[in-house]
Amino acid sequence: MTLRTLWRRWSVVLACVPLVMLAGCPQDKAAAPGKVSAKSTAPALGSTESAGSGASAVAAAAAPTAAQVAESAAKARKVQQLIDQVEAAYRSGVVNYRAARLDAARLDFDTAVDMMLSSGMDLKGDPQLSDEFELLLDRVNSLELAALKQGNGFSPTLEAAPLDAANEVTFPANAALTAKVTAELKNTQSDFPLVVNDYVAGFISYFSNSPGGHAHLLRSLERAGKYKEMISKNLRDAGVPQDLIYLAVAESGFQPQALNARSGAGGMWQFMPTGAYGLARNGWYDERFDPEKSSKAYAKYMKTLYDQFGDWYLAMAAYDWGPGNVQRAVMKTGYADFWELYKRNVLPGETKNYVPGIIAAIIMAKNPTQYGLDKMVPEPAVVSDTVTVDYAIDLRLVADVTGASLQEIVALNPSLLRMTTPRDMTYDLHVPVGTKDIFAERVKAIPDDKRASWRFHVVRAGESLDGIASAMHARVSEIATVNGINVGDGVDTGDELVIPLASASSVARPQRYTVRRGDTLVTVADRFNVSVEELRRWNHLSSSTMKPGTSLHVAEPVKLGPTTRIRGRKTRGGGASKSKSTGTSATKTAHSKGSSVGKTSSAKSTRGKKSSGAGAKSATAKTTTGTKSKRKATR
């Protein structure tokens with residue numbers, strides 16, 4: 001075979017290849033997606049008829065039915081609709097976050113997460129939903145960590161505690177004031193060992209004469225009225241002096257949601273996130289922010305510290321600095337006496353100010369007339385009924401069934417970190433006094449698995465079923481079905497309706513409004529059905545002037561418990577400290593250039609005695625005499 005002949009044969013073969021490929025195209029085109037051609041599935045042996053029937057059967061089995069296609073499309077639409085709603089809530093949160101409206105941002109982010117958790121869809125099994133959920137959590141956590149670096153995270157800014165407000169204040173010695181307070185102390189009744197010296201007198205002077213210091217102390221004592229009776233009982237039960245209630249003046253100013261973003265200490269008593277205090281903490285609630293449970297833990301812990309040191313001043317120092325650190329200071333100096341440790345400069349500045357500052361607050365609270373506190377009106381005591389629930393229920397539904405506002409329910413449950421109670425664990429839910437029975441009765445009408453999303457409504461005069469459905473973003477037909485009524489039936493004032501919803505947050509009223517040109521307080525109040533005075537109070541407005549672009553609260557701000565993911569840190573000296581104050585800096589230092597220390601208390605303690613293993617040194621303080629140099633307190 002010549003080379004020319006071989007080339008001619010291969011040319012013919014190559015020329016036929018396109019024809020073969022074209023011949024196969026109609027057959028491939030006929031095989032629709034999801035179907036298999038008859039030729040490819042035909043048996044090697046058998047009649048053409050059987051081969052054709054076998055291919056048809058396989059093709060029919062492999063092809064989705066019209067019902068399956070419709071179901072798949074409906075599911076895809078539902079998934080996409082949920083994702084769109086979640087993204088809209090998230091974007092709203094980002095807008096509020098960038099505008100520094102952190103409380104509104106947190107509400108939006110919680111709404112986005114709650115939408116997914118309460119959707120009833122398989123978040124783990126559906127790849128699209130799983131990716132969306134993970135992405136959402138990552139983005140929210142990133143923003144929260146950024147917010148924590150700048151202050152209090154997504155939680156509202158809280159008022160500084162009175163001792164924090166004493167930052168960078170110079171306390172000049174005042175012998176006349178010290179003598180005056182000493183004389184007053186003789187008529188002061190207290191179950192706590194009170195002492196007066198220049199350090200204590202310096203804080204009394206600050207809280208009396210500084211407008212800021214006096215205002216902070218006044219607000220703290222006013223807030224104390226909300227919890228005083230409850231705290232007093234806990235202190236009494238634990239065998240702790242009643243006047244140690246005023247330790248909360250230094251820790252939080254009696255603010256149950258106080259949070260130190262730097263150290264992670266939180267609550268009225270500023271417990272660290274870690275520690276064996278008997279307070280539960282998880283993704284749903286943080287009992288450090290529960291006034292009653294944290295107060296019980298405080299009383300128990302303070303009694304433990306007193307039993308360890310035998311002295312209330314040292315117990316207070318240990319509460320602030322950590323018992324291990326105080327014990328080492330005692331062993332180092334040989335003195336189990338706070339004032340001796342103070343004088344020998346073995347205490348950190350914050351702890352030096354901590355004890356005399358609290359003593360000053362006690363003395364002033366016990367003598368209100370002398371210190372301009374006699375016109376103080378304590379806030380009413382917080383009282384509530386408690387319902388133990390073991391299911392998730394949205395706080396908006398709790399407000400519905402109890403006839404309370406959402407803000408009232410949130411305020412009664414400051415330990416909650418979300419807008420719902422936990423799933424699959426018990427929680428002591430606080431509701432307004434006298435509503436425990438009506439709560440139990442009304443909530444029975446709503447299935448357990450719907451209590452995190454459905455709502456409840458009591459018909460008001462002039463309302464119709466259509467109007468209620470429109471206002472609550474529900475369907476008339478679904479409301480009628482759930483409540484066993486006909487769509488055409490009317491509703492009467494006082495009728496109780498269960499409102500089925502995909503998410504309870506879908507009927508949440510607007511929280512913020514951006515002022516437009518021509519707006520006035522009156523027009524904004526009318527638009528959102530609130531009063532002008534409410535707008536003033538919620539937004540701290542002193543005049544009626546509003547600039548376009550200003551963001552206003554148009555509903556009472558909701559303040560959920562603050563969240564923190566910061567680990568507790570070690571204080572200097574290696575001991576684990578219980579708490580840090582709510583201020584932004586870590587320590588206070590008080591430097592005394594004078595040589596004498598104030599008169600000591602005669603209370604039962606080990607003060608004035610050397611600790612075991614050391615020689616006999618006297619810790620008896622000297623009575624203040626002469627003029628002292630200035631004493632500066634910094635934090």
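Remember, it's a predicted structure, so these values are computed and weren't measured experimentally.
T388 and D428 share a donor-acceptor pair across their side chains, judged by distance under 3.5 Å alone.
Between the side chain of R455 and the backbone N or O of I499 there is no donor-acceptor pair closer than 3.5 Å. No side-chain donor-acceptor contact under 3.5 Å links D492 to the backbone of D495. Under the 3.5 Å distance criterion, the side-chain polar atoms of N483 are left unmatched by any main-chain donor or acceptor of I485. Panel note: side chain Q257, backbone P414; a donor-acceptor pair is recorded below 3.5 Å. Distance alone, capped at 3.5 Å, is enough to place a donor-acceptor pair between the N282 side chain and the W284 backbone. The main-chain N or O of S263 is found under 3.5 Å from a side-chain atom of N260 such that the two form a donor-acceptor pair. T421 places a side-chain N or O within donor-acceptor distance of the main-chain N or O of I393, the cut-off being under 3.5 Å. A donor-acceptor pair is defined here as one N or O able to donate and one able to accept, closer than 3.5 Å; such a pair exists between the side chain of T435 and the backbone of P432. Although no hydrogens or angles enter the test, the distance criterion places a donor-acceptor pair under 3.5 Å between the side chain of S295 and the main chain of P291. Panel note: side chain D385, backbone G434; a donor-acceptor pair is recorded below 3.5 Å.
For the pair R451 and Y391, the cation-pi criterion (under 6.0 Å, within 45° of the ring axis) is fulfilled.
Not counting sequence neighbours, the partners of Y90 by the ring pair (Phe, Tyr, Trp, His ring centres under 6.0 Å) test are F109. With sequence neighbours excluded, the residues satisfying side chain to side chain contact (heavy atoms under 4.5 Å, CB included) with P378 are M376.
Nearest heavy-atom pair, A461 versus T493, reported as atom, atom and distance to 0.1 Å: CA-OG1, 3.3 Å. Nearest heavy atoms, A445 versus V498: CB-CG2, 4.0 Å. Here the closest non-hydrogen pair linking R288 and S294 is O-CB, 3.6 Å. Heavy atoms only, all atoms of each residue included: L497 and V491 are closest at CD1-CG1, 4.4 Å. Scanning all heavy atoms of the two residues, the minimum distance from L412 to V431 falls at CD1-C, 3.7 Å. Here the shortest heavy-atom pairing between A474 and I479 reads CB-CD1, 3.9 Å.
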### Task
I would like to know whether T420 and D394 meet side chain to side chain donor-acceptor pair (under 3.5 Å); could you show each step before the answer?
CA-CA 4 Å; T420 62; D394 193 281; 6.0 Å; no
### Message
For M546 and V524: C-alpha separation, side-chain torsions, deciding distance, then whether side chain to side chain contact (heavy atoms under 4.5 Å, CB included) applies.
### Response
CA-CA 11 Å; M546 299 187 301; V524 174; 4.2 Å; yes
### Message
Set out, in order, the CA-CA distance, both residues' side-chain angles and the distance that settles side chain to side chain donor-acceptor pair (under 3.5 Å) for E463 and H457, then state yes or no.
### Response
CA-CA 11 Å; E463 288 186 323; H457 183 74; 2.8 Å; yes
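Taking 4.0 Å as the cut-off between side-chain N and carboxylate O, E441 and K436 do not count as a salt-bridged pair. Between K233 and D237, at least one side-chain nitrogen of the basic residue sits less than 4.0 Å from a carboxylate oxygen of the acidic one, meeting the salt-bridge criterion. Here R281 does not pair with E287 in a salt bridge; the nearest charged N to carboxylate O distance is not below 4.0 Å. Between E87 and R139 there is a salt bridge, with a side-chain nitrogen of the basic residue lying less than 4.0 Å from a carboxylate oxygen of the acidic one.
Ring-plane geometry between Y298 and W269 is classed as parallel, the angle between the planes falling under 30 degrees on a 0 to 90 degree scale with a further cut at 60.
In this structure, CE in M268 is found 9.5 Å from CG in D290, a value given to the nearest 0.5 Å. Here CD of E292 is found 6.0 Å from CE of M230. Values are rounded to the nearest 0.5 Å. Considering CG of N539 and OG of S551, their distance stands at 8.0 Å, rounded to 0.5 Å.
Within the structure, ring-ring contact (aromatic ring centres under 6.0 Å, His included) contacts touching residues 396-429 (residues at least two apart or in different chains) are Y285-Y427.
Side-chain contact between I231 and F254: present, with at least one pair of heavy atoms (C-beta onward) separated by less than 4.5 Å.
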